[in-house]
There are 2 protein chains.
Amino acid sequence: MDPRCPTRQLLDRIGTKWTSMAVKLLAEEAPGELRFAELRRRIPGISQKMLSVTLQSLVRDGLVARRVEPTVPPAVHYRLTALGLSLEDPLSALRDWAETHMPEIDRNNQLADESPLD
Amino acid sequence: MDPRCPTRQLLDRIGTKWTSMAVKLLAEEAPGELRFAELRRRIPGISQKMLSVTLQSLVRDGLVARRVEPTVPPAVHYRLTALGLSLEDPLSALRDWAETHMPEIDRNNQLADESPLD
DNA sequence: CAGTATCCTACCCGATACTG
DNA sequence: CAGTATCGGGTAGGATACTG
């Protein structure tokens, strides 16, 4: 198996802390857009810097499109591209699995904590 | 959106460098088992330490089962649990997407490198 | 409003050596 | 064979301050 396989490269992207949340919010809005500040409001705990870094990476990958209204102050809108939207299918499958099975994983970890002799 | 949502917790696990490869190899073998050294051989570049850490984490989560034959030297076998096997569906969907679309993402990044003024 | 620019810390991961 | 122990570098990510 190749440690540089496409799957690993993809996980290096969507595995970063805020990426999956940004993609989900933009997917819910698709084909509409969200502004920088609106995304910031909907992702509790994210800093301006991390939202900026996250979105730049998504734009660079071609998963998200950035549109600037040249007003003062500027209004910047983000939306998923067709490529980004196509990622929603496997990503929502992963979300469904997580919501269904993460509680069981949590229980398994608690059991491991209670029986440290295994 | 909750930054501690199940999806993020799941990505924190399968997003680590070697986890998705270990799961894939064990899934291909399911319901059979693989030994430590055999996994090591099939994951080029992984160190003993990282394979050990990766497998321990998977066992702790209940995604992988560990079976020790008390011989000298010991023979340790790993296999996916039912829970681990259920993860294969969304994970293979993600792999399929990665193989199909990562080349396009690579091209997008190359274009971004060539046009730094955007 | 939508970003940059710095600084700093935690921790993932690799390299290496050792062991029952 | 299947681990554990230890050390160290690189980097993701947080806090804070500044700007067109």
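Computation of the quantities below employed the complete heavy-atom set of this structure, encompassing side-chain atoms and omitting hydrogens, waters and symmetry-equivalent molecules.
- Residue order along DNA chain C, read from the 5' end via each residue's closest nucleotide, puts A/P73 first among A/Q56 and A/P73.
- Cluster annotation: A/F36 is connected to A/V59 through the hydrophobic network of ILVMFWY side chains, with a link wherever side-chain heavy atoms come within less than 4.5 Å.
- Of all non-hydrogen atoms in B/A22 and B/L58, the two that sit nearest each other are CB-CD1, 4.3 Å.
- Within the 3.5 Å criterion, the main-chain N or O of A/M50 finds a donor-acceptor partner in the side chain of A/T54.
- Across all strands, A/R35 comes closer than 4.0 Å only to sugar-phosphate atoms, never to a base (heavy-atom distances).
- The side-chain hydrogen bond (donor to acceptor under 3.5 Å, both in side chains) test with A/E38 is passed by exactly one of A/R42, A/R35, A/R40: A/R42.
- A side-chain N or O of A/T19 and one of A/T16 form a donor-acceptor pair less than 3.5 Å apart.
- Side-chain contact, A/S52 with A/Q48: no donor N or O sits under 3.5 Å from an acceptor N or O.
- First and last contacting nucleotides of DNA chain C toward chain A (any atom under 4.0 angstrom from a heavy atom, 5' to 3' order): C/dC1 to C/dT6.
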Tabulate protein N/O versus nucleotide N/O from nucleotides 11-15 of chain D, keeping only pairs under 3.5 Å, one per line.
unit_1, atom_1, unit_2, atom_2, d
D/dG13, OP1, A/K17, N, 2.8
D/dG14, OP1, A/K17, NZ, 2.5
D/dG14, OP2, A/W18, NE1, 3.2
D/dG14, N7, A/K49, NZ, 3.3
D/dG14, O6, A/K49, NZ, 2.2

Read 5' to 3' with Watson-Crick or G-U pairs under 3.5 Å, [ ] for crossing pairs and | for partners on another strand, DNA chain C gives ||||||||||||||||||||
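- Using a cut-off of 4.0 Å between Lys/Arg side-chain N and Asp/Glu carboxylate O, A/R95 and A/E88 are scored as salt-bridged.
- A donor-acceptor pair under 3.5 Å is formed between the side chain of B/W97 and the backbone N or O of A/S86.
- Remark: the backbone N or O of B/K17 is paired with a side-chain donor or acceptor of A/R8 at under 3.5 angstrom.
- Residues A/P74 and B/Q48 both approach DNA chain D. Their nearest nucleotides, taken by heavy-atom distance, put B/Q48 toward the 5′ side.
- Panel note: side chain A/Q9, backbone A/R4; a donor-acceptor pair is recorded below 3.5 Å.
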